[in-house]
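Following: one structure in structure tokens, then a few remarks.
Only heavy atoms go into these numbers, but all of them, side chains included; no hydrogens, no water, no symmetry mates. Please read all numbers here as calculations on a predicted model, not as lab measurements.
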Amino acid sequence: MGMMEDGPMGKDVETSSGNKPRFLAVTRLEDAQAVRCAEFHPSGMWYAVGSNSKTLRVCQYPQDGGASTLANSSRGSDASYQPTVTLKRTKHHKGSIYCMAWSPLGDLLATASNDKTVKLLPFDSDTCSVHGQETELTMHDGTVRDLCFVEDSGNKSSLLISGGAGDCKIYVTDTATGTPFQALSGHTGHILSLYTWGGAMFVSGSQDRTVRFWDLRTRGCVNVITPAATPTKPGSPVASVCVDPSGRLLVSGHEDSLCCLYDIRGSRVIQTFRPHAADVRSIRFSPSAYYLLSAGYDNKLVLTDLQGDLTQPLPSVVVAEHEDKVISGRWHPSQFSFISTSADKTCTLWALPPV
């Protein structure tokens, strides 16, 4: 069977034989420096990894999801192995690779860095190779902290959204021509996180403590919220944002360890909760949005169950740990497994042992 599917049966994750779910490390990629980012290819067959060592790698997802490794490992012992690296580019950027994103079709990999550039690599997923020339974008005047692709329904090409330090502008680039054609102003602090959930809408989270909702059809910001603010507290920098596939629920992760669930249609905070003891650097809904995976500077990855009443305390459990700060966590597009990157210089693939 391999992995458990993420679905209503996923309840078993919480209750199977009374044990809390314990994801085991299937593969562990080791680097010379902190690994900042990793992203699954839309097919789920590959994942790209970017490091402070300036190295870009594309690794192969184990064909059985790592099930054979997990079945063979005695519960608790670390049987993880090095993943198969099918593509490696050293000195891919002049600085650390901070973030990356795949185009929806998986034929383009965008990476960005504190060298202030964004690079677009044409990717052939059949051969896992770069085909053609890379494009370098130089419109940013500071570290580029996050990227996401938005489908441009008009001409069927992908638009790349990028943001970061410097002038606090969000840039929109036509990837077909490699031309930035829009700079969106509004944030007054560095942009730390970007997320799109289909259509022309995306959200941005910033050091200025706000989340902004943008609509490319109206060419601007359609809403601004300060999720973690209370009448007595100004809120906290928004280190991570994501939206569920239906576009109804936003979750933000903050530098003060708070997470905030926000009802987009009702324009209200549903609740704030604290799954970590330090900055929440990464937050993502599972493929069918039954669970939330958060990664923190407390070295932990936490799974929060969203299947009940969202106004009540949410059950959450630590599912994986690193030896240093966790910088990102990403779900496999279709299986109940995830990758995480850490200041401990590793990128680890985690999965549940067979029941």
Side-chain angles (χ1 to χ4, degrees), residues 99 145-148 161 163-165 168-170 184-199 201-215 220-286 289-298 300-306 308-316 326-329:
C99 54
R145 294 294 297 264
D146 210 359
L147 300 165
C148 68
I161 316 292
C168 306
K169 287 190 174 122
I170 296 170
L184 303 168
S185 301
H187 280 298
T188 57
H190 297 170
I191 288 130
L192 303 178
S193 182
L194 293 165
Y195 192 81
T196 179
W197 63 100
M201 298 282 292
F202 69 94
V203 286
S204 55
S206 166
Q207 197 81 45
D208 67 14
R209 306 186 173 105
T210 69
V211 172
R212 283 179 175 262
F213 293 79
W214 307 83
D215 187 338
C221 178
V222 291
N223 195 12
V224 190
I225 61 169
T226 312
T230 66
T232 53
K233 290 187 184 155
S236 170
V238 185
S240 49
V241 284
C242 71
V243 174
D244 80 323
S246 72
R248 283 189 287 224
L249 199 58
L250 168 97
V251 183
S252 54
H254 297 261
E255 284 188 359
D256 66 355
S257 78
L258 206 64
C259 284
C260 188
L261 272 186
Y262 182 83
D263 171 2
I264 295 174
R265 293 177 189 176
S267 302
R268 65 187 180 93
V269 172
I270 301 168
Q271 70 159 294
T272 55
F273 59 106
R274 234 178 256 275
H276 294 272
D279 306 37
V280 183
R281 282 284 146 183
S282 172
I283 199 153
R284 282 292 189 272
F285 287 95
S286 60
Y290 290 115
Y291 298 99
L292 201 58
L293 179 71
S294 55
Y297 273 10
D298 58 358
K300 296 176 167 69
L301 289 127
V302 171
L303 198 65
T304 300
D305 189 344
L306 300 176
D309 179 349
L310 296 181
T311 63
Q312 296 300 306
L314 301 169
S316 65
V326 188
I327 305 170
S328 76

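Here the CG atom belonging to Asp244 is positioned 5.0 Å from the CG atom belonging to Leu249, to the nearest 0.5 angstrom. The distance from the CG atom of Leu192 to the OG atom of Ser252 is 12.0 Å, given to the nearest 0.5 Å. We find the OG-CD1 distance between Ser282 and Ile327 to be 10.0 Å, quoted to the nearest 0.5 Å. Note that CD1 of Ile270 and CZ of Arg248 are 10.5 Å apart. Values are rounded to the nearest 0.5 Å. Between the OG atom in Ser267 and the OH atom in Tyr262 there is a gap of 4.0 Å [rounded to 0.5 Å]. For the atom pair Leu293 CG and Ser286 OG, the distance stands at 9.0 Å (nearest 0.5 Å).
Between Leu258 and Val280 there is no side-chain heavy-atom pair separated by less than 4.5 Å. Side-chain contact between Ile225 and Leu250 is present, with heavy atoms from C-beta onward closer than 4.5 Å. Counting heavy atoms from C-beta on, the side chains of Asp263 and Leu310 never come closer than 4.5 Å. Looking only at side-chain heavy atoms (C-beta outward), Thr304 and Tyr291 stay at 4.5 Å or farther from each other. Residues Ile170 and Ile161 are in side-chain contact: their nearest non-hydrogen atoms beyond the backbone lie under 4.5 Å apart.
A donor-acceptor contact shorter than 3.5 Å is absent between the side chain of Thr188 and the backbone of Asp208. Remark: side-chain polar atoms of Thr272 are not paired, donor with acceptor, to backbone N or O of Cys259 under 3.5 angstrom. Checking side-chain atoms of Asn223 against main-chain N and O of Phe213 turns up no donor-acceptor pair under 3.5 Å. Listed for the His254 side chain is a donor-acceptor partner under 3.5 Å among the backbone atoms of Ser236.
A parallel orientation is assigned to the rings of Trp214 and Phe202, their planes being inclined by less than 30° (bins at 30° and 60°).
A pairwise comparison of heavy atoms in Gly247 and Ile264 identifies O-CD1, 3.5 Å as the closest pair. Across every non-hydrogen atom of Ala239 and Ser193, the tightest pair is O-CB, 3.6 Å. Here the closest heavy-atom approach between residue Cys242 and residue Leu292 is recorded as SG-CD1, 4.4 Å. Between Pro237 and Arg209, the closest heavy-atom pair is N-CG, 3.8 Å. The minimum heavy-atom distance between Met201 and Thr196, with the atom names listed, is O-OG1, 3.0 Å. Residue Arg212 comes nearest to Cys221 through the heavy atom pair NH1-SG, 3.3 Å, listed as atom of the first residue, atom of the second, then distance.
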Could you go through the side-chain hydrogen bond (donor to acceptor under 3.5 Å, both in side chains) check for Ser257 and Arg274 one step at a time? CA-CA 6 Å; Ser257 78; Arg274 234 178 256 275; 2.8 Å; yes

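Comment: Asp279 engages Arg281 in a salt bridge, judged by a side-chain N to carboxylate O separation of less than 4.0 angstrom.
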